[in-house]
Trainee: 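Attaching a single structure in structure tokens format; questions to follow.
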Amino acid sequence: MLNINEIRKDFLILNTFVHGKPLVYLDNAATTQKPRSVIEAVQHYYAGENANIHRGIHQLSHAATKKYENVRDKIKNFVHAEKTEEIVFVRGATEAINLVAQTYGRSQVGEGDEILVSHMEHHSNIVPWQMLCEKKGAVLKVIPINDAGEIILEEYEELISPRTKIVSVTHMSNALGTINPIKEIIKTAHDKGVPVLVDGAQAVSHMSVDVQDLDCDFYVFSAHKMFGPTGIGVLYGKKELMEKMPPYQGGGDMILSVTFEKTKYHDLPHKFEAGTPAIASVMGLGAAVDYIHNVGLDNVAKYEEELLHYATEKLLKIPHLRMIGTSQNKAGVLSFVMEGIHPHDVGTILDKEGIAVRAGHHCAQPVMDRFQVPATSRASLALYNTRKEIDLLAQGLLKVLNVFK
Ligand code: C6P
């Protein structure tokens with residue numbers, strides 16, 4: 001059982017007042033708040049440990065390198081990877097997908113080849129593939145979703161062809177909350193010899209992930225959506241695949257030797273980490289993993305499932321509210337429209353009540369097109385949210401209705 005009152009004490013920002021009202025933070029899919037331990041880890045690094053890594057022969061640099069590499073180990077355990085060198089630090093989920101599109105894609109995808117994404121992807125899992133297709137003359141194919149916001153598995157299977165070079169799908173939709181049957185999706189692709197990238201940006205703070213059990217080829221996520229700092233994220237990739245991929249960016253730290261005639265690249269994971277990385281953010285990410293570990297992701301999943309259920313029931317009682325994303329298998333996202341009221345107006349009125357939700361297309365415009373709405377309002381949950389906050393959201397929505405009566 002989670003002690004939410006104790007957990008909330010770790011997040012100082014939750015005591016903030018907005019427009020004179022206590023903050024109700026329900027925009028966790030955009031970014032989560034940071035516990036004290038994460039903020040302190042970043043501060044501690046700069047105050048007492050700051051040095052560049054992998055370069056210096058002095059004590060501070062050695063210590064910083066050790067701590068940085070220690071976080072890589074933590075991430076390996078967090079996603080249950082087999083090898084530490086399968087963990088690459090990047091700026092976030094977006095950069096991780098671009099890295100795979102540009103390196104795996106550059107070396108493996110040719111004219112007439114196909115890349116398969118689903119209709120519920122975030123732009124980060126569409127645009128890098130479109131850019132690759134444009135460059136290579138390849139074709140982007142889209143797996144359809146049903147009215148509940150679920151991937152239509154039969155159609156997915158039919159879409160995999162001998163020309164399919166990669167399937168790239170989200171573990172959990174940011175716009176709908178759907179949790180995809182990712183293990184099944186991966187197995188179907190593997191049966192036809194096609195590798196799979198999983199966008200775990202939304203999943204990692206809600207459920208425990210085991211990349212070996214899933215057998216995914218790539219898994220990507222951002223620290224800032226799992227209580228860590230912005231500007232840092234992770235690409236997990238199977239060693240055999242990543243070893244064959246050319247580097248993404250060139251520069252310091254990714255080489256073994258350089259002459260004007262020939263450069264030899266470093267081994268994994270350094271081959272993909274050119275330049276001085278976001279060292280302080282990696283320290284913060286390490287603290288975020290410790291935080292999640294202490295709370296226990298299974299406890300989080302259980303608590304949030306109950307809270308999502310409570311919130312769904314509550315919101316469905318609001319007149320003129322239509323929920324977008326009604327999959328049986330979903331986590332902490334409530335995306336909705338209110339008849340005749342623009343989602344931005346909903347968001348603005350809720351903001352005046354101190355309630356932070358996101359309004360817009362959530363960087364998933366094809367999802368909006370699929371449900372024929374220009375945008376939605378989205379309340380997204382994290383482990384520190386409470387039933388009382390959901391009640392305040394419901395009251396806020398009744399106020400919205402009153403304003404537009
Ligand atoms: N979604 C949201 O409000 P970055 O920006 O690289 O940290 O994450 C990109 C990304 C990729 N995939 C999914 C499923 C996502 O939800 C996101 C980020 C935020 O929904 C910001 S647009």
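As the structure is a computational prediction, the values presented were derived from the model and not from experiment. Both ligands and their constituent atoms are indexed starting at 1 by order of listing.
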Trainee: I'd like to check which ligand 1 atoms, numbered from 1 as shown, lie under 4.0 Å from a non-hydrogen atom of K225.
Mentor: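 Answer for ligand 1: 1 (N), 2 (C), 8 (O), 17 (C), 18 (C), 19 (C), 21 (C).
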Trainee: Counting non-hydrogen protein atoms only, what is the nearest one to atom 12 (N) of ligand 1? Give residue, atom name and distance.
Mentor: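 For atom 12 (N) of ligand 1, the nearest protein heavy atom comes out as D199 OD2, 2.5 Å.
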Trainee: One residue to check: E95. Relative to ligand 1, which of side chain, backbone, both or neither has a non-hydrogen atom less than 4.0 Å away?
Mentor: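 Neither part.
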Trainee: H54 and Y68: aromatic ring centres closer than 6.0 Å?
Mentor: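 Between H54 and Y68, the centre distance is under 6.0 Å.
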Trainee: For residues L23 and N15, determine if any side-chain heavy atom of one lies less than 4.5 Å from a side-chain heavy atom of the other.
Mentor: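 Heavy-atom side-chain distance check fails, nothing below 4.5 Å.
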Trainee: Using only atom types and a distance under 3.5 Å, with no angle test, would you say the side chain of H122 pairs donor to acceptor with the backbone of S124?
Mentor: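 Between the backbone of S124 and the side chain of H122 there is a qualifying donor-acceptor contact (under 3.5 Å).
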Trainee: Should F272 and Y265 be marked as a ring-ring contact (aromatic ring centres under 6.0 Å, His included) after you check the CA-CA gap, both sets of side-chain angles, and the distance that decides it?
Mentor: CA-CA 9 Å; F272 292 117; Y265 304 128; 9.6 Å; no
Trainee: Side-chain contact, heavy-atom cut-off 4.5 Å: R91 with I232?
Mentor: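 In short, these two side chains do not touch, never coming nearer than 4.5 Å.
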Trainee: Under the side-chain contact (heavy atoms from CB on, under 4.5 Å) test against V220, which residue among L235, V88, N98 passes?
Mentor: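 Per the side-chain contact (heavy atoms from CB on, under 4.5 Å) rule, the option paired with V220 is L235, out of L235, V88, N98.
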Trainee: Would K136 and E111 count as a salt bridge (Lys or Arg N to Asp or Glu O under 4.0 Å) here? Give the steps.
Mentor: CA-CA 5 Å; K136 293 284 192 159; E111 200 175 337; over 6 Å; no
Trainee: What protein heavy atom sits nearest atom 2 (C) of ligand 1, and how far off is it?
Mentor: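 Checking every protein heavy atom, the shortest distance to atom 2 (C) of ligand 1 gives R358 NH1, 3.1 Å.
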Trainee: Can you list the atoms of ligand 1 that are under 4.0 Å from a heavy atom of S222?
Mentor: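 It comes down to these atoms of ligand 1: 4 (P), 6 (O), 7 (O), 8 (O).
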Trainee: Any nitrogen or oxygen of T170, side chain or backbone, less than 3.5 Å from one on ligand 1?
Mentor: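 For ligand 1, there is no N or O atom that lies under 3.5 Å from one belonging to T170.
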Trainee: Which of the atoms in ligand 1, numbered in the order shown and given with their element, are less than 4.0 Å from a heavy-atom of T94?
Mentor: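 By the 4.0 Å cutoff, the relevant atoms are 4 (P), 5 (O), 6 (O), 8 (O), 9 (C).
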Trainee: Over 60° means perpendicular and under 30° means parallel, so classify the ring planes of Y25 and Y384, tilted if in between.
Mentor: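 Ring orientation of Y384 relative to Y25: tilted.
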Trainee: Under 4.0 Å, heavy-atom basis, I'd like to know which part of R378 is in contact with ligand 1: side chain, backbone, both or neither.
Mentor: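 The part of R378 near ligand 1 is the side chain, not the backbone.
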Trainee: Which residue supplies the protein heavy atom nearest to atom 15 (C) of ligand 1, what is that atom called, and how far is it?
Mentor: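 For this ligand atom, the closest protein heavy atom is H122 CD2, 3.3 Å.
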Trainee: Output the list of atoms in ligand 1 that are nearer than 4.0 Å to some heavy atom of Q202, sorted by atom number.
Mentor: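 Taking each heavy atom of Q202 in turn, ligand 1 has 1 (N), 14 (C), 15 (C), 16 (O), 20 (O) under 4.0 Å.
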Trainee: In terms of atom number and element, which parts of ligand 1 are under 4.0 angstrom from non-hydrogen atoms of C363?
Mentor: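 That gives atoms 22 (S) of ligand 1.
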